[in-house]
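Because the structure is a prediction, the values reported are computed rather than measured.
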Amino acid sequence: MRKQLPLLLFAALCALQSSAQIQKKQIYPGLSVGRYFLKYNSNNIQPSVSFGISEHSLVGLFYKYEKFNTHPSISFKGYATKIGGGVSYSYYRHFNKKSKWGWYLDGSLGLFQVKTYEKQNGSAVLNFQAKQTEFAFTPGIFYKPSPRILLFGNLGGFSVNSYQQHIYKHVDFGKQLNLGIKITLGGKSNK
């Protein structure tokens, strides 16, 4: 039942969908920050720029920087970074016609450089690096307080990663908190 809960939630949200909230042919710069809480702590920042392709959809480019503590170990002390970027597609819907609240789904494809640093004698020494390709699917909610501002948040999502010639699935849904903002540039300020 636990694995079916996200699908049931998605089906319920689709049944409640209504009015549009994206302006076509408008540019949406954005910024999100996040924190991962379980197993290890991490912080990330993700600037982006998106373009409205329909009244419900955005396509965009993003850059992501993440720094996290490596898994605790008696013999290893250090941290790791994940730096890169990619493309995304986002779909938005209000819960009902008069609501400023709604839901969204975001799909992204990114290429990242992962580096692990070990702390030795007070300085950080690079001891491992690899490329990572990631396809991620993230559901979330948004609040639109004005026609030009869209605030959003999510609790993580689901991803498939290619890392050192291995492919693995990763679920961080419910294990992190990401908050962000998108602002409309130019165009009409109608809802």
Side-chain angles (χ1 to χ4, degrees), residues 3 5-7 9-11 13-14 17 20-40 42-68 70 79-93 102-116 128-142 150-185:
K3 291 182 179 180
L5 187 60
L7 292 175
L9 179 61
F10 173 70
L13 290 173
C14 287
Q17 65 189 352
Q21 46 281 332
I22 302 299
Q23 295 179 37
K24 290 170 65 172
K25 299 181 182 178
Q26 295 302 308
I27 296 173
Y28 289 82
L31 179 68
S32 71
V33 294
R35 180 145 176 95
Y36 191 91
F37 295 103
L38 300 180
K39 291 187 182 176
Y40 54 86
S42 76
N43 295 301
N44 69 66
I45 185 165
Q46 183 172 311
S48 64
V49 62
S50 302
F51 184 74
I53 59 171
S54 79
E55 57 187 14
H56 299 288
S57 306
L58 294 173
V59 293
L61 300 172
F62 68 90
Y63 170 82
K64 184 174 186 176
Y65 173 81
E66 184 171 13
K67 182 177 179 182
F68 50 94
T70 57
Y79 63 92
T81 61
K82 179 178 173 180
I83 302 171
V87 296
S88 67
Y89 171 82
S90 302
Y91 184 81
Y92 295 85
R93 289 292 237 196
W103 61 271
Y104 72 92
L105 298 173
D106 183 72
S108 64
L109 178 63
L111 180 61
F112 302 96
Q113 181 76 34
V114 178
K115 294 182 179 181
T116 303
F128 174 78
Q129 64 181 342
K131 288 189 180 351
Q132 177 184 20
T133 303
E134 178 180 80
F135 173 71
F137 174 75
T138 308
I141 61 170
F142 71 86
L150 187 138
L151 305 171
F152 62 92
N154 65 67
L155 297 174
F158 313 91
S159 63
V160 176
N161 299 277
S162 171
Y163 186 73
Q164 283 199 314
Q165 302 172 349
H166 297 286
I167 295 176
Y168 62 94
K169 293 182 261 182
H170 183 71
V171 177
D172 59 14
F173 187 74
K175 299 176 185 175
Q176 64 177 313
L177 176 63
N178 298 295
L179 301 172
I181 183 170
K182 288 190 183 291
I183 299 170
T184 307
L185 292 182

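For F135, the side chain to side chain contact (heavy atoms under 4.5 Å, CB included) criterion is met by L109, not counting sequence neighbours. Every residue two or more places apart in sequence or in another chain was checked for a salt bridge (Lys or Arg N to Asp or Glu O under 4.0 Å) with K64, and none qualifies. Taking the side-chain hydrogen bond (donor to acceptor under 3.5 Å, both in side chains) definition, one finds that Q176 meets it with D172, N178, sequence neighbours left out. For T133, there are no side-chain hydrogen bond (donor to acceptor under 3.5 Å, both in side chains) partners at least two apart in sequence or on another chain. Every ring pair (Phe, Tyr, Trp, His ring centres under 6.0 Å) that F152 has, sequence neighbours left out, goes to Y104.
The two atoms that bring L179 and G153 nearest to each other are CD2-CA, 4.2 Å, heavy atoms only. Between K25 and F51, the shortest heavy-atom distance links the atoms CA-CZ, 3.4 Å. Across all their heavy atoms, P139 and G157 have their closest contact at CD-CA, 4.4 Å. Scanning all heavy atoms of the two residues, the minimum distance from I53 to L58 falls at CG1-N, 4.4 Å. When all heavy atoms of F142 and R93 are compared, the pair lying nearest together is CE2-O, 3.3 Å.
Both the sub-6.0 Å distance and the 45° axial angle are satisfied by K82 relative to the ring of F112.
Looking at Y89 and S57, their side chains do bring a donor and an acceptor atom within 3.5 Å of each other.
The aromatic rings of F158 and F173 sit parallel, their planes meeting at an angle under 30°, below the 60° perpendicular limit.
Within the structure, no pair that satisfies the salt bridge (charged side-chain N to carboxylate O under 4.0 Å, His left out) test touches residues 153-163, not counting sequence neighbours.
Atom CG of N154 is separated from atom CG of L105 by 11.0 Å, given to the nearest 0.5 angstrom.
Residues I22 and E55 fail the side-chain proximity criterion, which asks for heavy atoms closer than 4.5 Å.
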